[in-house]
Amino acid sequence: GKRNMDALSEEEKRLFPLKTVTSVVSLFESILKRTTEPDLALLSIIVGCIENTLTCNQQILSGAKSTVLTTTVDETSEKPLAIPPVRKEDDFPEIEWPIVEALYVKFRAVIKSSVDVTQYGCPEFATRELVKRVSDVIWNTLTRSYYKDRAHLQSLYSYLTGNKLDCFGVALAVVAGCQVLGFNDVHLALSEDHAWVIFGLEGKETAEVTWHGKGNEDKRGQPVDAGIQARSWLYVSGNPVICSRFTEVASLVSSINPSITATTDSLEVASMQQSLLWVLYDTGHLTRYPMALGNLADLEELSPTPGRCHCGQLFSQAIEVARRCYGNSHVYPYTYQGGYFYRNRMYKEALESWANAADAIRSYNYSREDEEIYKEFLEIANELIPFVMKVEGSGHSARSILKDSECFAHLLRFYDGICQWEEGSCTPVLHIGWAKPLVNTISKFDSQVRRHVVISCSEVAEEDTPVTKPPGTAASTDSPVKIVNKPKLYLRSHKMAGLKDLLLSEKLNTHAISLQLTAQSQVQLGGRKLR
Ligand SMILES: FC(F)c1nnc(N2CCN(c3ncnc4sc(CC(F)(F)F)cc34)CC2)s1
């Protein structure tokens, strides 16, 4: 019979007007089940329409409709730990099929009328020129100037109703445009702060299709090899999430933004995003997507789904995937997990996650387009860790992390990773603003505790490393004290290795430590790490 050329089956159309989260979930489940080519434009329009209707034209209702603003201020500190966003009950808008269909038809018309594929020889695979052309069509139809970092600019609904897209939205629109033209070899490649496309035979070609950050010339049309060679975090050493159509659906669901204001979320949009992420989780499309797992974990922390795994397991799963599939070159899985531990006052675990995050960044060279992760580490070092030291400092319990040499080892490993990140980079990372909080933090640990960490800095084993009992030999029953293994730490950065004696000294020489930490290394060997 007639091939169903419509985007939706009759049955799916009957789900309209969409009035509930359940109906949106049913629609996604039906589409994901019946096709290997889910239509990105259609799905982006649908979730974008719901998000923008519920978050962009909102009056904060008084009375029963909106819950009271709740803030949790930890009684021992003036700095609130985390203010859960106010979640407003709101009526789900009625999404009519004709509205969605009209926008969908408009997008297809814009793309088909602007790109003459015969000009590219109707190739089986997309060419660089074709990908660049689609990027130009999206680029040239955007509003001249608008605030690019605003929320709710990531969907095709935003593009079609307001001609505005953010950096991710442009990349998604280009892939959706190529899908309209029948080039199913064009797919999204996602790093932790940038997006580009792969295309061609076996997806071997890459092309920039959007801008990145502020004041950076866009490199649209160029391959991303230069960014990978420069070893900048932005290109994750060539380990981006390479999307299939299904992971592209996961990325448009993951980029749903329930925020109405800085402190108020739409309950319905958050619930829709959470439910759709579980659908994608159950169909296996989050398996190789650490950030989407982290997003789902954050939503589960705020509002646990009965019968589902604990959010802590999702943070751990994201780390497992990053290690196994992406060469441990992603940082966010650790800072997602560290943030969770911090919000839940699990400070020793948070320090370990942040040290693991620093291990992930150490092999990169810091480039000027890596500001986002720089800000992440700066906030951990200068806000979160000092806050932990303050609240832990007051409790003189023996269990305080200030008496725990493993915590001191985590802290040193955190700084060691950042120092090694800076090594060989053209742009310095550490400055005096880092040194003061560091010295302050280290000084909170007793010298006994600090001296309990066995620090090695080179291949040569420490001559004075006391031989500890080989593991497994039971401590003799009459030993008066518990045999506690001393944490061992291998410092890889020159700066931290140079600090070794200062760190273990009885009295901390604040000035010497600051000088060592902020020393500008003279000539960088060609300004980057080589092999
Ligand atoms: F606690 C921290 F680790 C984080 N909390 N939220 C984080 N996000 C939020 C969501 N987010 C993302 N979540 C899903 N997929 C992607 S793809 C991408 C790069 C770009 F936008 F395409 F350019 C970003 C991103 C960026 C990282 S990190």
Side-chain angles (χ1 to χ4, degrees), residues 44 47 82 85 148-155 165-175 187-198 208-214 216 218-219 224 227 232-236 239-243 246-259 270 273 276-277 280-281 285-286 288-302 311 314-316 318-319 321-322 326 330-344 350 353-354 356-358 360-361 369-380 383-384:
S44 182
V47 296
K148 307 287 190 300
D149 286 352
R150 227 181 63 195
H152 316 303
L153 301 184
Q154 77 285 48
S155 75
L165 284 170
D166 62 18
C167 154
F168 166 80
V170 166
L172 181 74
V174 171
V175 176
H187 284 291
L188 261 186
L190 302 172
S191 80
E192 297 192 295
D193 190 42
H194 192 30
W196 59 91
V197 300
I198 58 145
E208 300 270 9
V209 292
T210 184
W211 78 86
H212 177 261
K214 286 188 174 55
N216 305 313
D218 77 81
K219 297 173 269 189
V224 298
S232 61
W233 163 75
L234 193 68
Y235 291 93
V236 285
N239 294 300
V241 177
I242 301 291
C243 293
F246 296 110
T247 357
E248 278 143 14
V249 173
S251 76
L252 72 87
V253 169
S254 197
S255 64
I256 289 170
N257 184 342
S259 314
Q273 181 180 32
L276 290 177
L277 282 172
L280 289 156
Y281 181 94
H285 302 312
L286 302 194
R288 303 170 68 91
Y289 195 168
M291 287 183 287
L293 288 169
N295 288 346
L296 179 55
D298 279 351
L299 290 161
E300 281 293 309
E301 181 191 355
L302 277 174
C311 64
L314 292 168
F315 289 118
S316 303
I319 287 168
V321 169
Y326 299 106
H330 294 188
V331 178
Y332 281 151
Y334 298 109
T335 48
Y336 266 111
Q337 187 190 53
Y340 164 71
F341 286 140
Y342 173 81
R343 291 188 295 270
N344 291 278
S353 300
W354 292 332
N356 291 338
I361 201 74
E369 289 201 63
D370 294 340
E371 290 94 348
E372 280 311 306
I373 205 65
Y374 173 85
K375 288 188 288 190
E376 195 83 17
F377 280 112
L378 193 68
E379 185 195 18
I380 293 167
E383 311 275 334
L384 306 187

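Since the structure is predicted, the reported quantities are computational estimates derived from the model, not experimental observations. Both ligands and their constituent atoms are indexed starting at 1 by order of listing.
Nearest-heavy-atom check against atom 23 (F) of ligand 1 across Glu192, His212, His194 picks out His194. Taking all heavy atoms of Phe315, Tyr332, Trp196, Tyr336 into account, the minimum distance to atom 1 (F) of ligand 1 is reached by Tyr336.
Ring planes of Tyr235 and Trp196: tilted class, angle from 30 to 60°.
Here Asp193 has backbone heavy atoms under 4.0 Å from ligand 1, and that is the only part of it that gets that close. When non-hydrogen atoms are compared, ligand 1 lies under 4.0 Å from the backbone of Ala195 as well as from its side chain. Counting heavy atoms closer than 4.0 Å to ligand 1, residue Thr335 contributes atoms from both its backbone and its side chain.
For the pair Tyr326/Val236, no side-chain contact is recorded, criterion being any heavy-atom separation below 4.5 Å from C-beta on.
Considering backbone and side-chain N/O atoms, Tyr289 comes within less than 3.5 Å of an N/O atom of ligand 1.
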Exercise for the section: I would like to know whether Lys148 and Cys167 meet side chain to side chain contact (heavy atoms under 4.5 Å, CB included); could you show each step before the answer? Expected result: CA-CA 8 Å; Lys148 307 287 190 300; Cys167 154; over 6 Å; no

Practice task
Please step through side chain to side chain contact (heavy atoms under 4.5 Å, CB included) for the pair Val331 and Glu376, ending with a clear verdict.
Solution key: CA-CA 10 Å; Val331 178; Glu376 195 83 17; 5.9 Å; no

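Within the 4.0 Å heavy-atom shell around ligand 1 one finds Ser191. Ligand 1 lies out of reach of Tyr334, whose nearest heavy atom is not under 4.0 Å from it.
Annotation for ligand 1: atoms under 4.0 Å from non-hydrogen atoms of Glu376 are 2 (C). Taking every non-hydrogen atom of Asn295 and a distance limit under 4.0 Å, the qualifying atoms of ligand 1 come out as 9 (C), 10 (C), 13 (N), 14 (C).
Nearest to atom 22 (F) of ligand 1 among the protein's heavy atoms is Phe168 CD1, 3.3 Å. Looking only at protein heavy atoms, the nearest one to atom 11 (N) of ligand 1 is Met291 SD, 4.1 Å.
Inspection of the Glu301 and Asn344 side chains reveals an N or O donor paired with an N or O acceptor under 3.5 Å. If you check the side chains of Ser353 and Gln337, you find a donor sitting under 3.5 Å from an acceptor.
One finds no salt bridge joining Lys214 and Glu371 here, because no Lys/Arg side-chain nitrogen approaches an Asp/Glu carboxylate oxygen to under 4.0 Å.
A donor-acceptor pair under 3.5 Å links the side-chain atoms of Glu248 to the main chain of Leu188, judged by distance alone.
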